[in-house]
Amino acid sequence: MGRDFGDLLGLPQALPGMPLSPLVPGWAELRAAERAAGFRHAADALLPPGGTPGGYFLVLDGLRVPGRGGRRRHVDRALLAEVRDARLRAGAPEPVRSLFARYDAALAEHPMALRRVVLYQLLQLLRDAPRGPGPDAATALGVDPAEAAALAHAARRAARTTPAARAAAETLVDVWRAGNTRRAHTLTRQLPAAPAGDQRLAHLVARIDSRARRTDALLREAHALERRMATDAAADHYLRAVRTAEDDTDALHGLLRTCRPTGLRTEVRQDGVRLRWPADPVGPADPASPDGAADRTWRLLRGTVGRDEWTEVTATPTPTSGGDVVDAAAPLGERLRYAALPLDGDRVAGRPLVSAEVLAAPEVSDVTLTDGRARVDARWRTPPGARRVTVVRTGPAPAATDVPAGPHGFTDQGLPPGEHRYRIHCVYRTAAGREVRSPGVTAHRTVHPWPDPVTGLTVRQGGTPGVLSVDWTGGARGQVRLLDWPGTPPTPGEDLRTPAADLPAELAWPPCGAPRAGGAEYRPPTGATTRVTAVTVLGDRAVAGPSVRVDVPEGVPELTARRVEPTRARLTFDWPRATDRVRVRWWQADGTHERRLTRSTYLREGLHLDITRAAAHFRVEPLAVADADVVLPPASAETGLPADVAVSYAVDRPGFLTGRRRRVTVRAATPEPVGESHEGALEMPEFVLVARAGDAPRRAPDPPRTVRDGIPVLRLSGAELLAGPVRRDIDAAVADAGVRRPYTLRAFLTGPHAHAVRLEEPPHKDLVVR
């Protein structure tokens with residue numbers, strides 16, 4: 001007791017062999033977890049949290065850590081669980097749990113595994129110490145002082161390793177357990193010669209060498225069987241070689257090469273190659289295959305025909321039994337084979353399912369063919385990656401003909417009636433620059449006889465008012481229909497895809513007389529705008545002809561004109577239906593005038609026109625729609641106004657020159673010379689001056705109300721009025737009539753034209769005679 005390690009035997013003889021490899025799976029993840037938790041090595045994690053007196057560990061003669069009462073405890077799975085629970089209760093981070101799970105798995109596999117791990121870690125840490133391996137460096141790492149010198153000596157004596165050798169030693173177990181025998185064998189060649197004391201490493205290297213030799217033997221037998229054309233037996237040997245060395249590409253390629261196509265179906269689609277296999281594939285029995293095939297996963301491989309290369313197909317989620325996977329990365333234009341390797345975990349469990357050869361050249365989809373007049377139109381959806389599309393037609397003529405096609409369709413014209421078949425191919429370019437054509441899809445369409453289109457359509461006003469004459473040319477084959485086409489009409493000569501029964505209705509205009517060849521006459525209703533379209537129909541097919549927009553406006557009813565002022569007239573009428581604007585024209589001596597009026601303005605303000613005093617003639621007519629091709633005008637609405645004529649008179653008051661005589665002056669004011677009115681010669685009324693005597697002496701009577709409400713004292717004819725101013729004395733006439741003073745005078749206009757002439761009267765005081 002109390003002596004240092006090796007005192008009895010001498011240090012070199014007492015030291016154990018230092019490990020060249022930790023021999024723990026997932027070494028990189030374990031070291032990352034230790035560094036994340038703040039541990040320099042595994043022994044740091046095994047020390048009780050919070051520290052204990054004499055907190056050093058022993059490692060050279062078994063891994064022991066301090067326990068209660070200063071006693072050392074051997075590290076086993078029970079101690080490991082106690083330390084883990086204590087650290088978790090002390091608030092250790094959650095990753096510590098996964099770290100201790102790795103430690104526990106190592107101890108479950110080998111009771112001395114953690115000692116090996118700690119020794120491997122201490123060896124590397126001592127070599128990386130600033131002053132190199134020494135007792136002080138070992139003690140600083142937590143090694144018991146009794147073993148510090150011996151451990152430092154062992155670190156100095158151990159052979160130096162290169163970074164490549166260290167990486168090989170740390171990954172050897174992972175590579176081996178993944179079934180990668182070839183790579184593991186390569187890693188063993190990078191290790192230095194194992195010391196005699198590292199039996200575990202030596203045993204593992206021997207197993208790896210043995211399996212590599214077995215793989216070589218299986219491959220030699222498989223190659224010999226394949227040369228003798230015994231492909232089924234060769235496939236069995238290749239399968240055993242694959243299961244012996246998962247990473248042996250020669251064995252895998254030989255297995256895929258010698259397995260017959262079975263169980264794996266392929267379908268070329270626009271988004272890639274679809275792979276399908278049944279839930280319970282039927283294939284060659286494999287005694288080594290485990291049970292539970294229904295839950296098995298698969299590894300998918302793709303190979304190019306003619307090349308001994310296979311690429312793994314990425315599929316998410318992992319394909320299981322009853323697979324349905326699309327290889328979206330399939331190289332276009334290449335002939336491919338696919339294989340589905342059954343897996344048990346990550347290991348090959350049996351023979352693969354292999355597909356037949358398939359050309360990765362997707363076809364066009366959604367092909368639609370429609371026939372027209374001596375032509376066929378085609379449309380389709382082109383797959384991504386296609387360089388171009390080629391089309392070959394066979395039809396009534398025996399020879400095949402290339403049809404020019406675009407990326408999304410074609411129009412094949414000049415075809416005779418009959419069935420025409422089209423073979424549509426997509427052209428792809430491989431990575432090597434070679435062009436490959438897809439097998440192609442076939443579509444067919446029958447070209448039917450089509451009617452001849454109407455080439456000319458003429459609509460004009462007929463010889464009878466309110467009648468339209470419609471004539472057309474063309475349309476010899478088929479029935480010509482005149483349709484009332486709503487909206488935008490088709491282009492002349494366009495094939496109408498709508499069945500003939502679903503075309504717009506024919507014109508509902510009443511015909512006038514019997515129809516004639518190439519034309520007819522109609523009486524269209526007023527107040528309507530119609531787009532007349534000529535369509536030729538033959539069976540269920542129709543061809544559009546020209547269109548003519550015809551406007552038949554309604555006439556203007558109830559037009560009247562009235563002069564509201566000498567130089568202003570008001571026109572009234574009922575606004576015509578289906579008309580937005582009207583045109584107003586009027587004629588006077590000074591010329592022709594015009595005004596355009598909208599419906600809203602008329603309804604809001606009425607129609608007032610500034611005119612002269614001369615006679616006027618008015619005409620109001622509706623305006624056709626702006627885009628009308630033919631207008632059938634209605635009967636015009638017209639009315640007139642006579643010239644504005646005024647007759648004035650004055651009664652002279654007695655004066656020095658006239659004495660007591662009463663003289664009346666009558667004048668007629670006309671806007672134009674006699675006989676030059678727009679309406680013809682002016683017709684003047686008769687002028688009658690009436691005197692009315694009072695009932696009481698010296699009291700002036702009221703003016704006469706009518707021409708009979710008094711005694712006429714002066715009469716002038718219309719001709720006398722137009723001849724010029726008339727001056728007459730009325731005293732004699734008044735005396736002869738027996739009218740006594742005081743009396744009142746008043747003039748009246750009589751006759752058929754009295755309403756058309758204004759009478760301008762003098763002040764009332766000038767008409768009273770006393």
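Of the listed residues (R434, R388, E435), just one forms a side-chain contact (heavy atoms from CB on, under 4.5 Å) with R429, and that residue is E435. When each of N180, L252, T181 is checked for a side-chain contact (heavy atoms from CB on, under 4.5 Å) with E246, only N180 meets the rule.
One side chain, H223 or D250, offers a donor N or O that lies under 3.5 Å from an acceptor on the other.
Note on ring orientation: taking the six-membered ring where Trp is involved, the planes of W298 and W277 are tilted (angle from 30° to 60°).
Inter-residue side-chain proximity for L336 and T304 is flagged as met; some heavy-atom pair is nearer than 4.5 Å. Residues D371 and L415 form no side-chain contact, since every pair of their non-hydrogen atoms from C-beta on lies 4.5 Å or further apart. Contact annotation: the side chain of R116 approaches that of L201 to within less than 4.5 Å [non-hydrogen atoms, C-beta and beyond].
Between Y120 and W27, the ring center distance clears the sub-6.0 Å criterion.
W310 and H253 make their closest contact through CD1-CD2, 3.3 Å (heavy atoms, listed as atom of the first residue, atom of the second, distance).
Contacts classified as salt bridge (Lys or Arg N to Asp or Glu O under 4.0 Å) and involving residues 168-177 (residues at least two apart or in different chains) are given here: E109-R177.
The line from CZ of R423 to OG1 of T394 is 10.0 Å long, rounded to the nearest 0.5 Å. Once rounded to the nearest 0.5 Å, the distance linking CG of L80 with CG of L107 reads 6.0 Å. The CZ atom of R77 lies 11.0 Å from the CG atom of L114; values are rounded to the nearest 0.5 Å.
Between D248 and R243, none of the side-chain N atoms (NZ, or NE/NH1/NH2) sits under 4.0 Å from a carboxylate O, so this pair counts as no salt bridge. A salt bridge links R373 and D495; the closest N-O separation between the charged side-chain nitrogens and carboxylate oxygens is under 4.0 Å. Ion pairing between R375 and D377 holds under the 4.0 Å rule for side-chain N and carboxylate O.
For A329, the side chain to side chain contact (heavy atoms under 4.5 Å, CB included) partners at least two apart in sequence or on another chain are R302, D327.
Proximity of a side-chain donor or acceptor of Y428 to a complementary backbone N or O of E334 within less than 3.5 Å is not detected. Judged by distance alone, the side chain of R87 and the main-chain N or O of A45 form a donor-acceptor pair under 3.5 Å. Formation of a donor-acceptor pair under 3.5 Å by the T244 side chain with backbone atoms of R240 is found in this model.
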> Can L88 and F100 be said to form a side-chain contact (heavy atoms from CB on, under 4.5 Å), step by step?
Replying inline: CA-CA 11 Å; L88 292 177; F100 273 80; over 6 Å; no
> Could you go step by step and tell me if D247 and R182 meet the salt bridge (charged side-chain N to carboxylate O under 4.0 Å, His left out) rule?
Replying inline: CA-CA 6 Å; D247 60 339; R182 293 301 188 187; 5.9 Å; no
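More than 12 heavy atoms of other residues, nucleotides or ligands sit less than 6.0 Å from atom CZ of R189.
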